[in-house]
Amino acid sequence: MMKSQKTRTQWLIAVGCLLFAAINCLPAAYGLLSAETAEQKTRLVNKDGWREAEAGYRYEFPQDHASHEDYAVEWWYYTGNIETKEGRRFGYQLTFFRIGVVREPLNTSRWALRNLYMAHFAISDIEQKEFHSFERINRAGIGWAGAESSSYRVWNEDWEARLDGRDHLLRARGGDYELDLRLALQKPEVIHGENGISQKGSAAGNASHYYSLTRLQTRGQIKVGGQSFEVTGLSWMDHEFGTSFLEEEQTGWDWFSIQLDDGRDLMMFQIRRRDGSIDPRSSGTLIDTDGRAVHIPFSDFALASSDVWRSAESGASYPINWTIDLPRYDLRLSVKAAFDDQELRTTESTGVTYWEGSVKVDGTAGDKKIAGRGYLEMTGYSGQNMGAILH
């Protein structure tokens, strides 16, 4: 790598670390909320001018797939379980992050730093029990990375996600590992939380606008260790945007996306607190075969974990087996990691370590056995507050 490239990478990493440190302390950094103007009095903004997520937001699709430049934090999150005709299984993750640096730079040049973009790409080779991950960090404004606000396309160098009609196209490459997939919508968009927001903290604005595409029929090609495979399967897409999320006493979360073989889908998350308790704003969404969604409050579910795996690289210990109980819906699920080591250590982009990987699901729905596949994300186990990357 040339010296100028090293300098650019080091600068971007330094900026990224400062931003993530700031986001982890958002309540203190951003201060009290204020009304934007008399004409926009329903919009809450922080002292730096970034808009806060608030109840009553009305989603419009496909427009809301695009970037929301008024908010400080935004990500587009794809995960999926795919396989070859012969039954060889893989999991994948492709995530794009936008972090707002300055709401309205005084310098109007395209070189002015307004947004920073990071991306993570990973493939889980389930048969070989091997995990391969890659990362990128770039600034916006000069073509290295960006997200369009008038239509849906987000990219970081040659990694991208975009719409082609109603299908989502994904492309990414890292060394001998590549992803080139087409995702077709099988259910309508699902809005999580209540009244347009997913509340994460006690204060107004400590929330996100959060929706998912919970069942995307997937086909395309992947390359693993230089070997190409034609694959099909199911994917899941999350999109969240807001400005402040986790509060100081919240340390991280455990998030599940599950696609059951009876056609139902489930999103569930719990937020962990420093005192060992679970925040009551933890919640979930159960989606039926027709796409109708039901909000699941904290009082209606129970999560329990077991079988901890310890990373030799980071020293973090992750619970890799979970039980999800939804007694109101007569649903009990056992969620197990497809294999243990699916840890991302993103020292060159977000600077945080977390576990994100493919899981297999078994359980009962009433008196019937049920199975499925999904993804599990666990943040904050490495001793870092994961507010900057929470999903």
Side-chain angles (χ1 to χ4, degrees), residues 16-30 53 72-73 75 77 93 95 97 99 118 120 192-193 197-208 210 238 240 242-257 267-284 297-299 301-311 313-324 335 337 340-347 349-357 359 375-391:
C17 290
L18 288 172
L19 287 168
F20 275 82
I23 292 169
N24 285 334
C25 302
L26 277 169
Y30 288 127
V73 184
W75 55 79
Y77 220 108
Q93 172 198 351
T95 309
F97 303 89
I99 306 298
M118 289 155 278
H120 297 165
H192 300 297
I197 59 169
S198 175
Q199 193 70 33
K200 303 299 198 303
S202 58
N206 284 347
S208 68
Y210 176 20
D238 272 0
E240 280 192 77
T243 291
S244 56
F245 297 92
L246 290 186
E247 298 177 335
E248 187 175 355
E249 69 276 10
Q250 299 169 325
T251 60
W253 69 7
D254 309 297
W255 170 89
F256 302 80
S257 65
M267 186 283 294
M268 186 72 60
F269 71 86
Q270 67 174 13
I271 301 174
R272 305 187 310 278
R273 300 170 65 94
R274 294 187 189 280
D275 62 5
S277 65
I278 302 301
D279 195 289
R281 281 162 287 271
S282 305
S283 67
F298 178 60
S299 57
F301 72 90
L303 281 170
S305 62
S306 61
D307 297 337
V308 171
W309 170 75
R310 186 177 186 275
S311 167
E313 295 292 331
S314 70
S317 294
Y318 302 96
I320 53 171
N321 289 343
W322 292 80
T323 299
I324 303 175
V335 180
D340 294 351
D341 186 0
Q342 299 181 75
E343 181 186 58
L344 288 90
R345 297 173 289 276
T346 63
T347 56
S349 59
T350 58
V352 294
T353 297
Y354 65 106
W355 196 103
E356 177 97 25
V359 295
Y375 250 70
L376 165 62
E377 180 184 78
M378 297 180 283
T379 73
Y381 288 90
S382 63
Q384 301 158 309
N385 186 315
M386 301 295 289
I389 198 172
L390 92 159
H391 181 54

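- Minimum heavy-atom separation, Asp238 to Tyr210: OD2-OH, 2.7 Å.
- In this structure, Tyr381 has its ring center no closer than 6.0 Å to that of Trp355.
- Side-chain contact between Thr95 and Glu356 is absent, with no heavy-atom pair separated by less than 4.5 Å.
- Within the 3.5 Å criterion, the main-chain N or O of Val352 finds a donor-acceptor partner in the side chain of Thr346.
- When all heavy atoms of Gly201 and Gln199 are compared, the pair lying nearest together is O-NE2, 2.7 Å.
- Annotation: the span from Met268 atom CE to Ser282 atom OG amounts to 10.0 Å, rounded to 0.5 Å.
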Could you list the donor-acceptor pairs under 3.5 angstrom formed between side-chain atoms of residues 302-310 and any protein atom two or more places apart in sequence or on another chain?
unit_1 : atom_1 : unit_2 : atom_2 : d
Asp307 : OD2    : Asn321 : ND2    : 2.3

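- Ion pairing between a basic and an acidic side chain is recognised when a charged N comes within 4.0 Å of a carboxylate O; Glu249 and Arg273 show such pairing.
- In this structure the side chain of His120 never reaches within 4.5 angstrom of the side chain of Tyr77, judged on heavy atoms.
- The structure places CG of Asp254 at 4.5 Å from CD of Gln270, a figure rounded to the nearest 0.5 Å.
- Minimum interatomic distance between Gln342 and Ala337 (heavy atoms only, all atoms of both residues): NE2-CB, 4.5 Å.
- Contact record, Ser314 with Ser311: N-OG, 3.1 Å, taken as the closest heavy-atom pair.
- With hydrogens and angles left out, the side-chain atoms of Glu377 and Thr379 include no donor and acceptor closer than 3.5 Å.
- Atoms CG and CD, from Asp279 and Glu247 in turn, are 7.5 Å apart once rounded to the nearest 0.5 Å.
- The line from OG of Ser277 to CD of Gln250 is 9.5 Å long, rounded to the nearest 0.5 Å.
- Across all their heavy atoms, Ala316 and Ser382 have their closest contact at CB-CA, 3.7 Å.
- In plain terms, the two heavy atoms of Ala72 and Thr243 that are nearest each other are N-OG1, 3.2 Å.
- Applying the side-chain hydrogen bond (donor to acceptor under 3.5 Å, both in side chains) criterion to Tyr318, with sequence neighbours excluded, gives Glu343.
- Here the straight-line distance linking atom CZ of Arg274 with atom OG1 of Thr251 works out to 6.5 Å at 0.5 Å rounding.
- Once rounded to the nearest 0.5 Å, the distance linking CZ of Phe269 with NE2 of His192 reads 9.0 Å.
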